[in-house]
Undergrad: 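Please read through the structure below; I'll follow up with questions.
Lettering follows sequence order; numbering is per chain, from 1.
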Amino acid sequence: MPTITLPDGAERQFAEPVSGAELAADISKSLAKKAVAWKVDGELYDLDHKTEEDAAAAIVTRDDPEGLDLIRHDAAHLLAQAVQALYPDTQVTIGPVIEDGFYYDFAREEPFSTEDFERIERKMQELVDADLPTRKEVWPRAEAIARFEALGEHYKAELIKDLPEDEEIKVYHHGEWYDLCRGPHLPSTKHIGKAFKLMKLAGAYWRGDHRNAVLQRVYGTAWTNEKELKQYLHRLEEAEKRDHRKLGREMDLFHLQEEAHGSVFWHPNGYTMWLELEAYIRRKLSKYGYVEVKTPQLIDAKLWEKSGHWGKYSQNMFVVPDDVPDTVSDGAVFDPEAKLMAIKPMNCPAHVQVFNQGIKSYRDLPLRMAEFGCCHRNEPHGALHGIMRVRQFTQDDAHIFCRWDQIAEETKKFCALASSVYEDLGFEDVRIALATRPEMRIGTDEEWDRMEKVLADALTEAGLEYEVLAGEGAFYAPKLEYHLRDAIGRSWQCGTLQLDPLLPERLGASYVDEDGSKKRPVMLHRAILGSMERFLGILIENHAGRMPLWLAPTQAVVTTITSDADGYAQEVADTLEAAGLRVKADLRNEKINYKVREHSNAKVPAILVCGAREAEERTVSVRRLGSKETRTVSLDDIKASLLEEATAPDLR
RNA sequence: GCUGCCGUAGCUCAGGGGUAGAGCACUCCCUUGGUAAGGGAGAGGCCGGGAGUUCAAAUCUCCCCGGCAGCACCA
């Protein structure tokens, strides 16, 4: 005699155990039609699942968020079913729902090609039209393994073997075809609809382990209706338009080439942005009590051995023999006995060297040592991506040497600094994560308790909310991470603060405490932007190339309608340039339409047009990027307003 | 590093065993035109690199290099 409480609080009584379908039918005919699953006490179930207990329940339709996940999950099954119908030599593995869609990993000798997609999609549509009903069965474990093995589905059999002993082995049938799955599923294939599309093909390791076989992963997207699918595809196009690699070329900011694989050639435009950003950060650091240093690129392997990098990190380091290359004789270019040096992948050991010069007193702490440190890391080639993931990059790095009792205060100060920087740079959605002790770690649990608490308390005292990323900390200490959400909703990890008691120990850093005894400082590794290269890439994509005036390489172009105004236009350009603005004069013999279009495409924030009228009145006609409107403004006024807008956010 | 796709002019791309193509950009000429492409002419490529097959390779095969997507990596 279950009593079902609906989301609106209404109660319905049933004489017998009731299924979702029956409940929906009891509520209304139209709901019965739309129902695809139901939630019982917060758990999602198949529509034909029955409950005999009193429960809070809700009917799920295609339009609910859970409904969309079901559509995607079923679409993954549909994909597997279609692929096995068309390519019988294929083994199925797993096919989860992901953001915006789903994927399915297949094992098959012959590679799939994106040209197969059309055929597979057609088959999927056929299966939707066939409206195959879903049927769940629970199989005994041994039988399930045997049946999948008999089908040649070795991956599935392996999955079942690894399921916890007490877990039901559920098999879902969609017509004749079936798959191991924990469910739930839509009542039939018709409910998936046809707003799906296969997107990409990629290799993926079985169980995500690179020692395992490579499977073929097919990515798809699925939505409630055609309109949403279209919107999604449109969103992808928009993201493509703001790709920093494309904008970098169009705006002449930088380039990359084979001969310097993974390193950026910054052009004058791009480097202008870099210099502005760097100057801004430098001013902020100075305000927050940092000192700036510059340390060597090439450092003897001995120091890297001492710091521990040689053991832990050498596969990512560029190593150079300290020898004169022999390019004349046929023998080895370098003496195999030559001493080895490494190009720094991090600045921290060098900063400890600076700290270690002379004797430090507790009065010197906290010592905040910053460097725009140029580092090289030999990243896996497949990981390189535009200027976002490179082999040479410059960190806005700093290390704070302090006492244990200063960590909380320094953490708070850092959080304040980081927040103000992100705000200045236009990032409003900033999230903080506390990454705690990983499984593989050094140190005692008491030490970890203490370290995690000090960071957590500092965040709480600073009034900051944070999320805990359990197990994501470094092997020696916990860390804070800053995640920024950009204009189109993507999340980027930028800032970080890492506690490090280990490196000062390894490199023998010490200070004299109040009582005259020698003590170890603790180090806080911290960055706000992360890498200049990557952050500039993020800024470019966040603004879709339309940079705020203080960062824009060319802030204004002065251009003419007819050559009669050339003299005046040049005077305007000279005046603005003398005032400190980055201005170009465009006196070319082209029509105004053409010039406006060209400078708009180049993302110049302000176009100042001069014709006979403006020359006469000593004004300019101002057209701002992204607007079709023009405004006539006196030369003095435009100078003042552009200057104000071009002021970096910390100087306002 | 792994899997798949790709590499032709500065850019976007077409072509495809037998003198290499378009649009835009570039140079010159005409045009002086009021806010997102005026008109004409010209120049520009060892078809990513190397080897092989062939009378003949940009085109077919193999090996490298690079790009894109994903995976793995990112103490």
Undergrad: If I take atom CD in residue A:Glu109 and atom P in nucleotide B:U3, what distance separates them, rounded to the nearest angstrom?
TA: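 Between P of B:U3 and CD of A:Glu109: 13 Å.
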Undergrad: Please, which pairs that meet side-chain hydrogen bond (donor to acceptor under 3.5 Å, both in side chains) have at least one residue in residues 491-504 of chain A, sequence neighbours excluded?
TA: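 The answer is A:Tyr476-A:Gln498, A:Asp486-A:Trp492, A:Asp500-A:His525.
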Undergrad: Tell me, which of residues 607-617 of chain A have any heavy atom that sits under 4.0 Å from an atom in RNA chain B?
TA: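 RNA chain B contact set from residues 607-617 of chain A: A:Val609, A:Gly611, A:Ala612, A:Arg613, A:Glu614.
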Undergrad: So if I take every side-chain heavy atom of A:Arg588 and compare against B:C26, B:A75, B:G34, which nucleotide ends up nearest?
TA: B:C26
Undergrad: Please work out if A:Gly208 contacts a base, only the sugar-phosphate, or nothing of the nucleic acid, heavy-atom cut-off 4.0 Å.
TA: sugar-phosphate
Undergrad: Is A:Arg217 close enough and on-axis enough to A:Tyr103, meaning under 6.0 Å and within 45°, for cation-pi?
TA: yes
Undergrad: In whole angstrom, give the distance that lies between atom CZ of A:Phe475 and atom P of B:C74.
TA: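 So the CZ-P distance, A:Phe475 to B:C74, works out to 13 Å.
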Undergrad: Just need the stems in RNA chain B: three or more back-to-back Watson-Crick or G-U pairs, each with both distances under 3.5 angstrom, sorted by first number.
TA: B:1-7 with B:65-71, B:10-13 with B:21-24, B:26-30 with B:38-42, B:48-52 with B:60-64
Undergrad: Evaluate the side-chain contact (heavy atoms from CB on, under 4.5 Å) criterion for residues A:Cys374 and A:Phe393: first the C-alpha distance (whole Å), next the side-chain angles of each, then the deciding distance (0.1 Å), finally the verdict.
TA: CA-CA 6 Å; A:Cys374 177; A:Phe393 56 93; over 6 Å; no
Undergrad: Is a side-chain N or O of A:Glu410 found less than 3.5 angstrom from the main chain of A:Ile407, in a donor-acceptor match?
TA: no
Undergrad: Please compare A:Val214 and A:Lys312 by the position of their nearest nucleotide in RNA chain B and report the one closer to 5'.
TA: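 By nearest-heavy-atom nucleotide position, the 5'-most residue is A:Val214.
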Undergrad: Below 4.5 Å, heavy atoms only, C-beta onward: do A:Thr93 and A:Phe106 meet side chain to side chain?
TA: no
Undergrad: Does the separation of the ring centres of A:Tyr104 and A:Tyr219 fall below 6.0 angstrom?
TA: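 They do not qualify: ring centres at least 6.0 Å apart.
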Undergrad: Looking at A:Glu598 and A:Arg588, is any side-chain nitrogen of the basic one under 4.0 Å from a carboxylate oxygen of the acidic one?
TA: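 Yes, this pair counts.
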Undergrad: Expressed as a whole number of angstroms, how long is the span from A:Glu598:CD to B:G38:P?
TA: 11 Å
Undergrad: Taking the same atom, C1', in B:U54 and in B:A58, what whole-Å distance lies between them?
TA: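 Rounded to whole Å, the distance is 15 Å.
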Undergrad: Taking the cut-offs as 6.0 angstrom to the six-membered ring centre and 45 degrees off its axis, would you call A:Lys344 and A:Phe318 a cation-pi pair?
TA: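 Pair A:Lys344/A:Phe318 does not count as cation-pi.
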Undergrad: A:Arg211 CZ to B:C2 P: how many Å, rounded?
TA: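 Roughly 17 Å, once rounded to whole Å.
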Undergrad: Show your reasoning for whether salt bridge (charged side-chain N to carboxylate O under 4.0 Å, His left out) applies to A:Glu237 and A:Lys241.
TA: CA-CA 6 Å; A:Glu237 280 171 31; A:Lys241 274 188 212 156; 5.7 Å; no
Undergrad: Keeping A:Arg582 on the side-chain end and A:Pro553 on the backbone end, is there a donor-acceptor pair under 3.5 Å?
TA: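 Flag set: sc A:Arg582 to bb A:Pro553 pair under 3.5 Å.
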Undergrad: For A:Phe106 and B:C71, what is the distance between atoms CZ and P respectively, to the nearest whole Å?
TA: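 After rounding, the reported distance stands at 17 Å.
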Undergrad: Taking 4.0 angstrom as the limit, do A:Lys479 and A:Glu472 come out as a salt bridge?
TA: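 Answer for the salt bridge query: no.
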Undergrad: Which heavy atom in A:Val390 sits nearest to a heavy atom in A:Gly262, and how many Å separate them?
TA: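 In terms of heavy atoms, the two residues are closest at CB-O, 3.1 Å.
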Undergrad: Taking CE from A:Met346 and C1' from B:A75, how many angstroms apart are they, rounded to a whole number?
TA: 7 Å
Undergrad: Please produce a list of atom pairs where a protein N or O lies less than 3.5 Å from an N or O of nucleotides 8-11 of chain B.
TA:
none

Undergrad: Check the orientation of A:Phe254 and A:His244. Use parallel for under 30°, tilted for 30 to 60°, and perpendicular for over 60°.
TA: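 Correct class here is tilted.
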Undergrad: Is A:Thr554 reaching over with its side chain to a backbone N or O of A:Ala556, donor-acceptor style, under 3.5 angstrom?
TA: no
Undergrad: Do nucleotides 41-46 of chain B as a string where each nucleotide becomes B, S or -: B if the base has a protein heavy atom under 4.0 Å, S if just the sugar-phosphate does, - if no protein is that close.
TA: ------
Undergrad: Which sits closer to the 5' end of RNA chain B, A:His309 or A:Thr630, going by the nucleotide each is nearest to?
TA: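 Result: A:Thr630.
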Undergrad: Measure the distance from OH on A:Tyr104 to C1' on B:G4 and round it to the nearest whole Å.
TA: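 Result: 20 Å.
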Undergrad: Below 3.5 Å is the cut-off: list the nitrogen or oxygen pairs between protein and nucleotides 66-70 of chain B, distance only.
TA:
{"residue": "B:G66", "atom": "OP1", "partner": "A:His261", "partner atom": "ND1", "Å": "3.1"}
{"residue": "B:G67", "atom": "OP1", "partner": "A:His261", "partner atom": "NE2", "Å": "3.3"}
{"residue": "B:G67", "atom": "OP2", "partner": "A:His261", "partner atom": "NE2", "Å": "3.3"}
{"residue": "B:C68", "atom": "OP1", "partner": "A:Arg245", "partner atom": "NH1", "Å": "3.0"}
{"residue": "B:A69", "atom": "OP1", "partner": "A:Arg245", "partner atom": "NH2", "Å": "3.0"}
{"residue": "B:A69", "atom": "OP2", "partner": "A:Arg245", "partner atom": "NH1", "Å": "3.3"}
{"residue": "B:A69", "atom": "OP2", "partner": "A:His385", "partner atom": "ND1", "Å": "3.4"}
{"residue": "B:G70", "atom": "O3'", "partner": "A:Tyr219", "partner atom": "OH", "Å": "3.1"}
{"residue": "B:G70", "atom": "O2'", "partner": "A:Tyr219", "partner atom": "OH", "Å": "2.8"}
{"residue": "B:G70", "atom": "N2", "partner": "A:Gly203", "partner atom": "O", "Å": "3.2"}

Undergrad: Measuring centre to centre across the rings, with the benzene-like ring taken for any Trp, is A:Tyr232 within less than 6.0 Å of A:Trp223?
TA: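 Ring-ring flag for A:Tyr232/A:Trp223: true, centres closer than 6.0 Å.
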Undergrad: Knowing that exactly one of A:Lys200, A:Arg235, A:Lys197 qualifies, which makes a salt bridge (Lys or Arg N to Asp or Glu O under 4.0 Å) with A:Asp100?
TA: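 Between A:Asp100 and the candidates, salt bridge (Lys or Arg N to Asp or Glu O under 4.0 Å) is satisfied uniquely by A:Arg235.
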Undergrad: Output yes when at least one side-chain N/O atom of A:Tyr594 is less than 4.0 Å from OP1 or OP2 of B:G34, else no.
TA: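 So the side-chain polar atoms of A:Tyr594 never come under 4.0 Å of the phosphate oxygens OP1 or OP2 of B:G34.
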Undergrad: Would A:Arg119 pass as a cation-pi partner of A:Tyr87, given that its NZ or CZ must be under 6.0 Å from the six-membered ring centre and within 45 degrees of the axis?
TA: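 Positive - A:Arg119 is close enough to the ring of A:Tyr87 and near enough to its axis.
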Undergrad: Just checking A:Asp209: base, sugar-phosphate only, or nothing, at a heavy-atom cut-off of under 4.0 Å?
TA: nothing
Undergrad: Please tell me which of the listed nucleotides, B:G1, B:G33, B:A25, lies nearest to the side chain of A:Tyr205?
TA: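 Nearest to the side-chain atoms of A:Tyr205, counting from C-beta on, is B:G1.
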Undergrad: Tell me: CD of A:Gln216 to C1' of B:C5, nearest whole Å?
TA: 13 Å
Undergrad: Side chain of A:Ser600 only, please: which of B:C2, B:A36, B:G33 is the nearest?
TA: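 In terms of side-chain proximity for A:Ser600, the closest of B:C2, B:A36, B:G33 is B:A36.
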Undergrad: For the residue pair A:His381 and A:His261, does the interplanar ring angle fall in the parallel (under 30°), tilted (30 to 60°) or perpendicular (over 60°) class?
TA: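 Ring orientation of A:His381 relative to A:His261: perpendicular.
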Undergrad: Heavy atoms from C-beta onward define the side chain here; which of B:A72, B:G33, B:A36 lies closest to that of A:His210?
TA: B:A72
Undergrad: Looking at A:Asn593, does any N or O in its side chain come under 4.0 Å of the phosphate oxygens OP1/OP2 on B:A37?
TA: no
